[in-house]
Amino acid sequence: MWCRSITSPSRSTKANSIRERLICSVDTNRDMKRESHSTAIKPINREDRSRSPINNQPLPSSSTSNHYSNPDDVRDTVFRRAFKYYKKRDPRPDLSKVVNPRSMVGRSIDCSTTVTPESLSSLGLRPLSEWKIITFPDRVGLYLLPDLLSQSGHIDWVRRGIQYAMDGKNKTNIALHSDKPFSLLDDYRSLRWTTLGIQYDWDTKEYPSTGSPLPRELTNFASVIVSSLGLGIKADTTIVNYYPQKSTLSAHVDRSERTHSIPLVSLSVGRPAIYLTGGTRLNDPVLPILLQSGDVLVMDGDQRLVYHAVPAILPVGELNGPIDNEKNEKEDDEWEKRLIKYCRECRINFTIRQVNP
Ligand SMILES: O=C(O)CCC(=O)C(=O)O
Ligand SMILES: [Fe+2]
């Protein structure tokens, strides 16, 4: 659901929060709340990933679409046009301008980086000698590291993404509206997000000062990626986004963290997606990027605070991701079968961040 935000561009207050809820026809979840203190120009808000825009009830498992149109949202921007173009399903957009990091020339990694082969493989990562880093002269601070996961790494990260939602300690969109724990069998299409570590507070629109420690694999993953770029991070929070096939993520800037000088690390698994990256203004040029299972994107420096969005999860048969060819020895196991079904139908994205300076 789209709402036009009229909140103050500066810090959000309780009054703003109440006002937002009044002017929007849907009381939104994390997306709206994060958006409200994410940027000074806010014509676009994220979809509501937990409630039906029709009756405000939690989404049934079959409901996956992002209700994009909003009569109030009349602003026509370069970003909005790109989003609408790549979101279209009939006819499908021409994907020839979408940058595919796997077919781009990149630089290799300094393999003297102090990461042991064991720790790489425990994170599902390929040896450093197989990595490449893609940068863009006009987007300094944006790094793409395609195809980093080993054969078993894809399903291992999907498994983690699902387990984080199921373990009962982390907030999920499903737990906001129901006492029923998330079930991979029943609700898998209504799962939209899980937060870990220092968990975002939806009412104050801020992160609390502390939280439970992040699972080690998340802090380690972020550290390995970021150190390969000569940067540093002490990750203390993660947002896991789950994308059933017709879902999208609207244009936003991630500003809620208390430091913006630390990179943000994003890992994608499951179905491929079109990812749009823009500038600090919605009329800046937009670059469409194909993100497939195992691709990592890092936002640092000026690129840490640019608009970005996910207008489409690509359907099966269209630029299929590596996950489609994935063989899994444990396919007899019912749970593994479901995981494989999940990652063939949906996308999971982990954004690993540092909130506290
Ligand atoms: O799914 C993605 O690739 C992007 C996720 C994102 O931008 C976010 O969680 O802030
Ligand atoms: Fe983001």
Side-chain angles (χ1 to χ4, degrees), residues 29-39 42 44-47 49-50 66 79 83 86-87 98-99 101 141-146 148 157-158 161 164-165 170-173 191-200 202 205 207 218 222 225 235 237-257 260 262-280 282 286-300 303-314 321 343 346-355:
N29 64 359
R30 157 199 167 210
D31 297 327
M32 178 66 203
K33 287 169 177 172
R34 286 178 68 203
E35 185 68 21
S36 69
H37 63 145
S38 67
T39 176
K42 293 174 287 184
I44 299 175
N45 286 300
R46 297 181 179 198
E47 62 178 318
R49 293 194 230 171
S50 64
N66 176 10
F79 205 107
F83 190 99
Y86 285 106
K87 182 178 184 257
V98 176
V99 160
L142 175 66
Y143 300 91
L144 300 177
L145 297 95
L148 289 199
W157 278 101
V158 172
Y164 296 151
N170 306 310
K171 288 188 203 165
T172 69
N173 64 304
L191 179 62
R192 297 306 178 90
W193 55 259
T194 301
T195 49
L196 298 103
I198 301 183
Q199 298 193 40
Y200 191 71
W202 311 117
K205 302 180 182 178
Y207 287 97
L218 289 171
I225 300 293
T237 187
T238 294
I239 294 174
V240 188
N241 293 290
Y242 307 85
Y243 297 86
Q245 211 166 83
K246 289 178 188 163
S247 61
T248 60
L249 179 64
S250 313
H252 66 281
V253 176
D254 291 293
R255 270 189 214 279
S256 309
E257 296 72 29
H260 300 147
I262 305 290
L264 186 153
V265 176
S266 148
L267 165 68
S268 299
V269 287
R271 288 231 62 78
I274 305 291
Y275 177 92
L276 299 180
T277 185
T280 51
L282 287 162
V286 173
L287 180 70
I289 301 171
L290 173 68
L291 288 183
Q292 298 186 70
S293 192
D295 291 353
V296 171
L297 181 148
V298 176
M299 299 164 82
D300 185 46
Q303 290 292 307
R304 174 67 182 73
L305 294 175
V306 295
Y307 277 99
H308 55 284
V310 179
I313 303 303
L314 296 182
C343 68
C346 306
R347 170 175 186 259
I348 302 183
N349 175 267
F350 305 79
T351 51
I352 315 173
R353 308 150 189 245
Q354 181 173 332
V355 176

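For the numbers below, each heavy atom of this structure counts, side chains included, while hydrogens, waters and symmetry mates do not. Both counts, for ligands and for their atoms, begin at 1 and track the order of listing.
- Below 4.0 Å from some heavy atom of Asn349 lie the following atoms of ligand 1, by number and element: 1 (O), 2 (C), 3 (O), 4 (C), 5 (C).
- Atom CD1 in Ile289 sits 11.0 Å away from atom NE2 in His308 (nearest 0.5 Å).
- Set against the non-hydrogen atoms of Arg347, the atoms of ligand 1 under 4.0 Å away are 1 (O), 2 (C), 3 (O).
- Counting only heavy atoms from C-beta outward, the side chains of Thr195 and Thr237 never approach each other to under 4.5 Å.
- Interatomic distance, CD1 of Ile348 versus OH of Tyr242, reported as 6.0 Å (0.5 Å rounding).
- Residues Pro244 and Arg192 form a side-chain contact, since some pair of their non-hydrogen atoms from C-beta on lies under 4.5 Å apart.
- Using the six-membered ring where Trp is involved, Tyr164 and Phe350 have ring planes that are perpendicular, over 60° apart on the 30 and 60° scheme.
- Annotation: His252 places an N or O atom under 3.5 Å from an N or O atom of ligand 1; distance criterion only.
- The residue among Thr238, Asn241, Leu276, Val310 with a heavy atom at the shortest distance from atom 9 (O) of ligand 1 is Asn241.
- Rounding to 10 degrees gives 110° for the angle at the Fe ion (ligand 2) between OD2 of Asp254 and NE2 of His252.
- Listed by number with element, the atoms of ligand 1 under 4.0 angstrom from any heavy atom of Asp254 are 10 (O).
- Atoms OG1 and CG, from Thr280 and Leu305 in turn, are 8.5 Å apart once rounded to the nearest 0.5 Å.
- Taking every heavy atom of Arg353 and a limit of under 4.0 angstrom, the matching atoms of ligand 1 come to 8 (C), 9 (O), 10 (O).
- Taking every non-hydrogen atom of Leu249 and a distance limit under 4.0 Å, the qualifying atoms of ligand 1 come out as 4 (C), 5 (C), 6 (C), 7 (O).
- Residue contacts with ligand 1: Met299 is excluded, as none of its non-hydrogen atoms falls under 4.0 Å.
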Next on the checklist: Is there a side-chain contact (heavy atoms from CB on, under 4.5 Å) between Leu191 and Asn173? Walk through the geometry before answering.
Outcome noted: CA-CA 7 Å; Leu191 179 62; Asn173 64 304; 3.8 Å; yes
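- Inter-residue side-chain proximity for Leu267 and Ile352 is flagged as unmet; no heavy-atom pair is nearer than 4.5 Å.
- Residue Tyr243 places a heavy atom under 4.0 Å from ligand 1.
- The Fe ion (ligand 2) lies closest to atom NE2 when only the N/O/S atoms of His308 are considered.
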